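Report on the following structure.
The structure displayed is predicted, hence computed values, not measured ones. The analysis underlying the following values was restricted to heavy atoms, covering all of them including side chains, and did not include hydrogens, waters or symmetry mates. Naming convention: chains lettered A, B, ... in sequence-line order (proteins, then strands); numbering from 1 in each chain.
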2 protein chains.
Amino acid sequence: MPAGVRRPAAKTRNSVGAELSAGETEFIDFFVALARALRAPKSLGEIYGLLFASSEPRTFEGIVATLRISRGSASQGLRLLRTFGAVRVVYVAGDRRDHFVAETELRKLVTGFLSETALPQLEASAGRLDRIAERVPTKGVLHDRLQKLRSWERVGRQVLPLVGKLLG
Amino acid sequence: MPAGVRRPAAKTRNSVGAELSAGETEFIDFFVALARALRAPKSLGEIYGLLFASSEPRTFEGIVATLRISRGSASQGLRLLRTFGAVRVVYVAGDRRDHFVAETELRKLVTGFLSETALPQLEASAGRLDRIAERVPTKGVLHDRLQKLRSWERVGRQVLPLVGKLLG
DNA sequence: CGATTCGTTCAAAGATAAATGAACGTGGGA
DNA sequence: TCCCACGTTCATTTATCTTTGAACGAATCG
């Protein structure tokens, strides 16, 4: 599927010349597909893909100019990626702008993602199950099913940390 | 449709008047929240939650009437749940209608979900990476990053089956 | 057979989520 | 100090996903 439409280059003050090679475009394409699979915004995939394929840190402006996305998208996407630990800001001497790089270690990516998504869910579940317990008979199907849910939660709590180890 | 009662009320063949207990509602609520967390349609959570909390198999009509959702939603939701192995159709003698029950074994649910979502993605990735290889230099950053992606894919392929075992 | 029940399909409506861009706060440099 | 580069925020627009319900085919019933 064709995607990239070349437009006259935006004025780029000093940061990177905003052109993508065919190879870089392929990487971005890959991560856009991955983002869709994870039901994340396309822009997350674009941003991460660009950084993943970059040898050098990228500035905010560089990202916006290269991907032709809005500043809003870039700002929000980068924030989310940082909370997952998928993107870091690195210091560059004598430049006050932020410089972004992708974290490429699979274990860190997965554990970061899980601890920001699955873990909070698990914790919320515990309280929710207590709430259910208050409205369910102490005998019968509903009671049995509640035990089942509790066992799910227990297993989840045990398995989550192990996933990280599997990827080490 | 005439309102006359033409049938003994022994087996509930009614399409209206289905009522949920407070306990059942709590279970449905739980699974609706879970569906949202998994970014699945709310109706999936409703349907699965209802079946999870049911001691008896439910008919299609029963589900539609109890949850007050459209036939379309019910049909599509049940289909998806069946492809994940989260819902099964059970045979009931002398009744031509489908009867649905929830699969409650965590290991089956997770492996069913993964083999319908993650596994196809992994397989699609393999081809995609070959495609990237054709457009990337045999040296340099892009080449290195492609190797990295290949290693991700390899790890994924090894880890996926293990997840099932962890849940046994 | 024809009538009825069962469940599916799909175009359209409705609901949600993502992207945009103007307005804004912050802080660095002259 | 003032000015401007940097990045964030958020109301609005746009895109995408979900739900609905009428139309439909298949299977069973009378």
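Here A/Arg82 reaches the OP1 or OP2 of D/dT8: one of its side-chain N or O atoms lies under 4.0 Å away.
Applying the side-chain hydrogen bond (donor to acceptor under 3.5 Å, both in side chains) criterion to A/Ser54, with sequence neighbours excluded, gives A/Arg58. Residues that satisfy the side chain to side chain contact (heavy atoms under 4.5 Å, CB included) test with B/Glu103, not counting sequence neighbours, are B/Arg88, B/Glu105, B/Lys108, B/Leu109.
Evaluation of the salt bridge (charged side-chain N to carboxylate O under 4.0 Å, His left out) test over residues 155-165 of chain A, restricted to residues two or more places apart or in two chains, returns A/Glu153-A/Arg157. For residues 110-140 of chain B, every residue pair satisfying the ring pair (Phe, Tyr, Trp, His ring centres under 6.0 Å) rule, not counting sequence neighbours, is listed here: B/Phe84-B/Phe113. For the salt bridge (charged side-chain N to carboxylate O under 4.0 Å, His left out) condition, the pairs that include at least one residue of residues 115-129 of chain B, sequence neighbours left out, are A/Asp29-B/Arg128.
Look at CD on A/Glu61: it is 13 Å from C1' on D/dT8, rounded to the nearest Å. Summarising the geometry, the separation between CG on B/Asp98 and C1' on D/dT28 is reported as 14 Å, rounded to the nearest angstrom. Remark: P of C/dA18 and CG of A/Leu78 are 16 Å apart, rounded to the nearest angstrom. Between A/Ile47 atom CD1 and C/dA18 atom P there is a gap of 13 Å when expressed in whole angstrom units. The distance between atom CG of B/Asp95 and atom P of C/dT4, rounded to the nearest whole Å, is 19 Å. What separates CZ of B/Arg79 from P of C/dT8 is a distance of 7 Å, to the nearest Å. Put simply, NE2 on B/His99 is 14 Å from C1' on C/dG7, counting in whole angstrom units.
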Quick test: give all pairs of protein nitrogen or oxygen and nucleotides 14-22 of chain D nitrogen or oxygen below 3.5 Å, distance rounded to 0.1 Å.
residue: D/dT19; atom: OP1; partner: B/Ser43; partner atom: N; Å: 3.2
residue: D/dT19; atom: OP2; partner: B/Ser43; partner atom: OG; Å: 2.8
residue: D/dT20; atom: OP2; partner: B/Ser70; partner atom: N; Å: 3.0
residue: D/dT20; atom: OP2; partner: B/Ser70; partner atom: OG; Å: 3.1
residue: D/dT20; atom: OP2; partner: B/Ser73; partner atom: OG; Å: 3.3

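Among the nucleotides D/dA5, C/dG7, D/dT8, the one closest to the side chain of A/Arg96 is D/dA5.
Between A/Phe52 and B/Trp152, the ring planes lie perpendicular to each other; the angle is over 60°, past the 30° to 60° tilted range.
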